[in-house]
Amino acid sequence: MEQLEEPSLGTTVDAGIATVTIRNPAKRNAMTPRMWRQLPELLQRLARDTTVRALVLTGAGETFCAGADIGSLRETVTESQNLSVGAEEALAAFPRPTLAVVRGHCVGGGCQLAAGCDLRFAAEDATFGITPAKLGIVYPEPSARRLTRLVGPASAKYLLFSGELIDAARALRTGLVDETHPAGHLADRVAEFTGTLARRSGLTQAAAKECVDGRADPERVADWRRTATESGEATEGVTAFLERRAPRFTWPA
């Protein structure tokens, strides 16, 4: 008898890019309670690794994530939602750029995880949906607010009211997705883009992420500016531009 692969979160780090892979092939990469709990811990560990310049979240095989593994839940709805929101918030708080790479289904809790990332690249045949209306469940308020910031009130209501799946083309039009590519070309585009991220200033990216996400008050912005000067990051960037060479950014040292 074929042995089923245990649900897990795989992790690799290569050339400064951390890749977290959702693995639960028997259930289209649905997240078990254990996986929801593990993700924040895993992200904390990767955040402490200063060699990590960006993070990719994806699903094993041809599916991103079908949401929560309902069959494995022992918690109440509220407890299970707390787990998914905690994982989503941990992704949003990750200090370096994060990119969800979506193939196949990205549904329910899968959409929560994708929305928690900074950017989302998808295969042209990917599908997206948020389905609490099919279950009579109240979608978590933090997740609803994040979704609304991404796609706007009307599109958020469409997804939440109907529970219908939308294709990648519509997800791109609404802002749920940033780029779509033929499935066979997606990996190459992700490698190209994450390589670009790894070459850019990590200090600029970290400061920009806090500012765009509304987490940087004037004092924090002033601190970022001081760090840019004192770390030599800004000097290196300007010098490299004048010398017509690629900059060698080293923050954090």
Sub-3.5 Å donor-acceptor pair from the side chain of Q81 to the main-chain atoms of V138, do we have one?
yes
Is there a donor-acceptor pair under 3.5 Å between the side chain of T180 and the backbone N or O of A122?
no
Can any side-chain N or O of D167 pair as donor or acceptor with the backbone N or O of T127 at less than 3.5 Å?
no
Checking the side chain of S143 only, and the main-chain atoms of Q112 only, is there a donor and an acceptor separated by less than 3.5 Å?
no
Within the side chain of K27, is there an N or O that forms a donor-acceptor pair under 3.5 Å with the backbone of P7?
no
Between the main-chain N or O of V52 and the side-chain N or O of R96, is there a donor-acceptor pair closer than 3.5 Å?
yes
Taking a hydrophobic cluster as the set of Ile, Leu, Val, Met, Phe, Trp and Tyr residues connected by side-chain heavy atoms closer than 4.5 Å, whether directly or through intermediates, do I166 and V107 fall within one such cluster?
no
Evaluate the side-chain proximity of L57 to I22: yes if any heavy-atom separation is below 4.5 Å, no if none is.
yes
Does one side chain, of R199 or T196, offer a donor that lies under 3.5 Å from an acceptor on the other?
yes
Does the pair E41/R45 count as a salt bridge with the N-to-O cut at 4.0 Å?
no
Quick test of your reading of the model: are R226 and D223 salt-bridged, counting only N-O distances below 4.0 Å?
yes
Checking the side chain of R120 only, and the main-chain atoms of L176 only, is there a donor and an acceptor separated by less than 3.5 Å?
yes
Under the ring pair (Phe, Tyr, Trp, His ring centres under 6.0 Å) definition, can you give me all pairs with a residue in residues 181-238, not counting sequence neighbours?
F121-F193, W224-W251
Would you say R23's side chain and E6's backbone share a donor-acceptor pair under 3.5 angstrom?
no
Output yes when a side-chain donor or acceptor of S201 lies under 3.5 Å from a complementary backbone atom of T204, and no otherwise.
yes
Could you tell me whether E219 atom CD has more than 12 heavy atoms of other residues or ligands within 6.0 Å of it?
no
I'd like to check the side-chain hydrogen bond (donor to acceptor under 3.5 Å, both in side chains) partners of D178; sequence neighbours left out, ordered by chain and number.
none
cation_pi(R53, F249) dist<6.0 Å, angle<=45:
no
Counting only heavy atoms not in E62 (residues, nucleotides, ligands), do more than 12 fall under 6.0 Å from its CD?
no
